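FYI, the numbering just counts along the sequence from 1. Quantities reported herein were computed from a predicted structural model and do not represent experimental measurements. The basis for the numbers below is simple: all heavy atoms, side chains too, and nothing from hydrogens, waters or symmetry mates.
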Amino acid sequence: MYDYDLLVVGSANADLVIGVERRPGAGETVLGTDLAVHPGGKGANQAVAAARLGARTALLARVGDDAYGRLLLDSQRAAGVDTVGVLVGGAPTGVALITVDPSGDNSIVVSPGANGRLTPADVRAAASLFQASRVVSTQLEIPLETVAEVVRDLADGSRFVLNPSPPQPLPADILAACDPLIVNEHEARVILGDAAVGDSPEDWARILLAKGPRSVVVTLGAEGALVASAEGVARVLSVAVDAVDTTGAGDAFTAALAWRLGAGATLAEAAAYAARVGAAAVTREGAQESFPTAAEVEAL
């Protein structure tokens, strides 16, 4: 019996968000809205998103001993996330600088801060969390060597989910553990590199699958997602919504998919549910505060 449906190992940032009519070009200054500060970071976002849906969730992360760190801890606890694995100190809390245009599209620059100090030793010290978790999810806003240690510390029978964002080439041992590897178009192209052949998501998924993951999911925004495994390749549709802010939508998708897989759903079933969760998230501003409950997803 697992104590946690999902253990998220990853980043925790303060999101500093400004709305703009358009993003500035090189050397250009544009005026924006008042600054808004939100709890964020891909790891913290995934943990809150899963907990809001009803998953028993724990977070392994590092924050600074500062106001942003306290903001993040408060947000996790308010959502019902177990923060026993959140380490405090070593560097200031990570910060993400985010601009959002009228269409809801965003551009993000991240200062890793304490996220860059989450080490393989921290992962090894959290062995009890790994033994207690049905699914483990992570991203690349923490050091790659720490992600590699996560793979080595997985409990027998647990499932590993990776969203390689921000993207970089991945070693074979990490790729082989992914079930699934979750990428958008940009992430797929970076990981494929010279192997990128064809312009369709189906092509990217098949080539990615050949690199070693047990399964692959390509997110397609408003068009839903594509799933690929040894059983084949299939498209999963989303629902039409009016997007307000896409910040955190990918994290909500990943968290929902990881949770549903752990609950026994097929990859296509989990992706279909996750697409609805992601659609609900883009209808509200911000990241964590936009994540829906299970009842809100059903009502969409």
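- P120 places none of its side-chain heavy atoms less than 4.5 Å from the side chain of V123.
- No side-chain heavy atom of E21 sits less than 4.5 Å from a side-chain heavy atom of V30.
- A distance of 8.0 Å separates CD1 in I182 from OG1 in T219, rounded to the nearest 0.5 Å.
- Q139 and S165 share no donor-acceptor pair across their side chains, judged by distance under 3.5 Å alone.
- Qualifying side chain to side chain donor-acceptor pair (under 3.5 Å) partners for R124, counting only residues two or more places apart in sequence or in other chains: E149.
- Put simply, the side chain of L226 does not reach to within 4.5 Å of the side chain of V217, judged on heavy atoms.
- Across all their heavy atoms, N115 and A12 have their closest contact at OD1-N, 2.9 Å.
- When all heavy atoms are compared, the tightest approach of V161 to D179 is CG2-O, 4.1 Å.
- Criterion: ILVMFWY side-chain heavy atoms under 4.5 Å apart, direct or through other members. Under it, V218 and L175 are part of a common hydrophobic cluster.
- Both tests do not hold together for R56 against Y4: distance to the six-membered ring centre under 6.0 Å, angle to the ring axis within 45°.
- By the 4.0 Å N-to-carboxylate-O rule, E298 lies too far from R276 to be salt-bridged with it.
- Between R23 and E28 there is no salt bridge, since none of the side-chain N atoms of the basic residue sits less than 4.0 Å from a carboxylate O of the acidic one.
- Using a distance-only test at 3.5 Å, with no hydrogens or angles considered, a donor-acceptor pair links the side chain of E187 to the main chain of N184.
- At least one side-chain heavy atom of P164 sits less than 4.5 Å from a side-chain heavy atom of V183.
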Before you tell me yes or no, could you show the steps for R235 and E202 under salt bridge (charged side-chain N to carboxylate O under 4.0 Å, His left out), namely the whole-Å CA-CA distance, both residues' side-chain angles and the distance that decides it to 0.1 Å? CA-CA 9 Å; R235 291 246 183 178; E202 285 81 1; 2.8 Å; yes

Apply side-chain hydrogen bond (donor to acceptor under 3.5 Å, both in side chains) to the pair D251 and T254, showing each step before the final yes or no. CA-CA 5 Å; D251 303 325; T254 297; 5.7 Å; no

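- Looking only at atom types and distance, the side chain of R77 has a donor-acceptor partner in the side chain of T83 under 3.5 Å away.
- In this structure a side-chain-to-backbone donor-acceptor pair under 3.5 Å is present from D82 to V84.
- Of all the heavy atoms in L237 and A275, the pair that sits closest is O-CB, 4.1 Å.
- Connection of L192 to L181 is established within a shared hydrophobic cluster, with ILVMFWY side chains joined at heavy-atom distances below 4.5 Å, either directly or through further cluster members.
- Between L71 and T93, the closest side-chain pair of non-hydrogen atoms is not below 4.5 Å.
- In this structure, V48 and F291 approach most closely via the heavy-atom pair CG1-CD1, 4.0 Å.
- Among residues two or more places apart in sequence or in another chain, the side chain to side chain donor-acceptor pair (under 3.5 Å) test is passed with E269 by T266.
- One finds the CZ atom of R152 at 10.5 Å from the CG atom of L154 (value rounded to the nearest 0.5 Å).
- By the criterion of side-chain heavy atoms lying less than 4.5 angstrom apart, applied directly or through intervening Ile, Leu, Val, Met, Phe, Trp or Tyr residues, L170 is grouped together with W204 in one hydrophobic cluster.
- Once rounded to the nearest 0.5 Å, the distance linking CG of L97 with OG of S107 reads 11.5 Å.
- Taking 4.5 Å as the limit, some side-chain heavy atom of V147 sits within range of a side-chain heavy atom of I142.
- Taking 4.0 Å as the cut-off between side-chain N and carboxylate O, D122 and R62 count as a salt-bridged pair.
- Side chains of Q288 and S75: a donor on one and an acceptor on the other come within 3.5 Å.
- A 4.5 Å side-chain heavy-atom check between S137 and L162 finds every atom pair outside the cut-off.
- Using modelled atom types and a 3.5 Å distance limit, the side chains of S11 and N13 yield no donor-acceptor pair.
- S133 contributes no side-chain N or O that, together with a main-chain N or O of V136, makes up a donor-acceptor pair within less than 3.5 Å.
- By the 4.5 Å heavy-atom criterion applied to side chains, V9 and F130 are counted as neighbours.
- Residue L140 holds its CG atom at 7.5 Å from CD1 of I191, rounded to the nearest 0.5 Å.
- Within the model, atoms CG of N163 and CZ of F253 stand 10.0 Å from one another, a figure rounded to the nearest 0.5 Å.
- One finds a salt bridge joining E185 and R189 here, because a Lys/Arg side-chain nitrogen approaches an Asp/Glu carboxylate oxygen to under 4.0 Å.
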